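Below you'll find the structure I mean.
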Amino acid sequence: MGKKKSEEPQDPLSQLIRASDATILGQLVRQLASGRPEVRRECLEFLQQHVSLTAEARADADADAVFALWEELEPDLADLNEYGGGPDETEERVAELLYQLSEKLKHSRIPEDARWDLLDRVMPYIINNHAGMEDGLYDVAYAACQEDDDLRELAIRMETSGRDYLVDHARGIYRKLGDWDKYLALRSRRMEYGGDYHDLATFYWEHGERERALALARE
């Protein structure tokens with residue numbers, strides 16, 4: 001009778017995991033994730049794929065993952081904002097994380113208060129306009145707006161910023177939402193360039209006021 005084939009030695013970490021109960025493993029996960037937003041996010045995303053959750057609990061977990069991602073990128077974003085840019089690798093990393101954040105927001109249903117809290121954190125960087133990450137920040141802000149009320153809240157914050165380029169965004173939001181009075185009030189504030197007249201003429205044309213639109217186009 002031949003010798004029984006010896007079992008291959010197990011990896012020490014695997015042995016320790018097998019010997020641990022759920023309480024110990026839970027303590028380990030919380031310890032590793034504490035103060036490390038990138039680890040916390042990975043843990044949240046992994047567990048969401050393997051654990052059954054109610055819709056409310058999943059929304060809360062999505063919100064937690066969103067804020068972990070924001071905390072992961074914000075230190076570098078703050079440096080870029082302070083110095084008006086930075087090393088290529090830092091800019092590329094922040095741009096990639098902002099993209100991941102906007103994509104996660106688009107495919108998650110996080111609670112309204114969490115979305116507005118995120119807008120509170122994003123808007124100062126958009127208003128400052130100094131980090132060189134404006135496209136990514138705009139994508140995050142718009143992706144956080146999952147309801148019309150969110151878009152109105154974003155428009156209000158942009159309108160009250162005092163920055164012309166943000167007032168332009170607010171005007172576009174009001175037009176998209178059908179808040180014609182708000183759109184026209186902001187549009188009337190500045191009529192300097194051909195694009196301003198084209199924008200208003202297009203608005204009147206789309207609303208059946210063809211003669212008014214043509215008069216503006218001629219002007």
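All residue numbers in this chain count up from 1 along the given sequence. Everything numeric in this text was worked out from a predicted model, so none of it was measured.
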What closest approach, in Å, do Ala170 and Ala155 show between heavy atoms, and which atom pair accounts for it?
CB-O, 3.4 Å

Kindly work out whether a path of hydrophobic side-chain contacts (I/L/V/M/F/W/Y, heavy atoms less than 4.5 Å apart) joins Tyr83 to Val94.
no

Show the nearest heavy-atom pair for residues Trp70 and Leu98, with the distance to one decimal.
CZ3-CD2, 4.4 Å

Could you check whether any side-chain heavy atom of Met133 comes within less than 4.5 Å of a side-chain heavy atom of Tyr125, counting everything from C-beta outward?
no

From Leu73 CG over to Glu38 CD, what is the distance, rounded to the nearest 0.5 angstrom?
11.5 Å

Can you hop from Val167 to Ile127 via hydrophobic side chains spaced under 4.5 Å?
no

More than 12 heavy atoms from other groups under 6.0 Å of OH on Tyr99
no

Rounded distance (nearest 0.5 Å) linking atom CG of Leu151 with atom CD of Gln146
10.5 Å

Test side chain to side chain contact (heavy atoms under 4.5 Å, CB included) on Arg93 and Glu72; report intermediate values, then the result.
CA-CA 10 Å; Arg93 176 176 181 274; Glu72 185 179 345; 3.7 Å; yes

Look at the side-chain heavy atoms of Ile, Leu, Val, Met, Phe, Trp and Tyr, link any pair under 4.5 Å apart, and say whether Leu119 and Phe67 land in one connected group.
yes

Would you say Arg187 has more than 12 foreign heavy atoms packed within less than 6.0 Å of its CZ?
yes

Please examine the side chains of Arg41 and Gln100, heavy atoms only from C-beta on, and report whether any two atoms are closer than 4.5 Å.
yes

Closest approach of Ser102 to Ala143 (non-hydrogen atoms, all atoms of both residues)
O-CB, 3.6 Å

Looking at Glu112 and Asp150, would you say the former's side chain and the latter's main chain have a donor-acceptor pair under 3.5 Å?
no

Please check if Trp116 and Leu177 belong to a single hydrophobic cluster, counting links between Ile, Leu, Val, Met, Phe, Trp and Tyr side chain heavy atoms closer than 4.5 Å.
yes

Enclosure of Glu56 CD (heavy-atom neighbours >12, cutoff 6.0 Å)
no

Do Leu154 and Ile173 come close enough that some side-chain heavy atom pair is under 4.5 Å?
yes

Look up atom CG in Asp199 and atom CZ in Arg171, then write down how far apart they are to the nearest 0.5 Å.
5.5 Å

Is there a path of hydrophobic side-chain contacts, each under 4.5 Å between heavy atoms of I, L, V, M, F, W or Y residues, that connects Leu69 with Met123?
yes

CG/Asn128: more than 12 non-hydrogen atoms of other groups inside 6.0 Å
yes

Carboxylate-amine/guanidinium contact Asp62 Arg58, below 4.0 Å
no

Within this structure, what is the CG-CZ distance for the pair Asp168 and Arg163, rounded to the nearest 0.5 Å?
13.5 Å

Determine the minimum heavy-atom distance between Ala59 and Pro111, stating which atoms define it.
O-CD, 3.7 Å

Is there a side chain to side chain contact (heavy atoms under 4.5 Å, CB included) between Phe46 and Val51? Walk through the geometry before answering.
CA-CA 9 Å; Phe46 178 85; Val51 176; over 6 Å; no

Salt bridge (charged side-chain N to carboxylate O under 4.0 Å, His left out) between Glu159 and Lys182, intermediate numbers included:
CA-CA 10 Å; Glu159 180 184 352; Lys182 291 290 294 183; 3.3 Å; yes

Measure across Val140 and Leu105 and return the closest heavy-atom pair with its distance rounded to 0.1 Å.
O-CD1, 3.6 Å

Could you check whether atom CG of Asp181 has more than 12 heavy atoms from other residues, nucleotides or ligands sitting under 6.0 Å from it?
no

Using 0.5 Å steps for rounding, measure from the CG atom of Asn81 to the CG atom of Asn129.
9.0 Å

Point-to-point distance, once rounded to the nearest 0.5 Å, from CE of Met158 to CD1 of Ile126:
5.0 Å

Are Leu77 and Leu137 side-chain neighbours, meaning at least one heavy-atom pair lies under 4.5 Å?
yes

Give me the one residue out of Glu147, Glu153, Arg109 that meets side-chain contact (heavy atoms from CB on, under 4.5 Å) with Arg115.
Glu147

Compare every heavy atom of Ala63 with every heavy atom of Ile110, then report the nearest pair and how far apart it is.
CG2-N, 3.5 Å

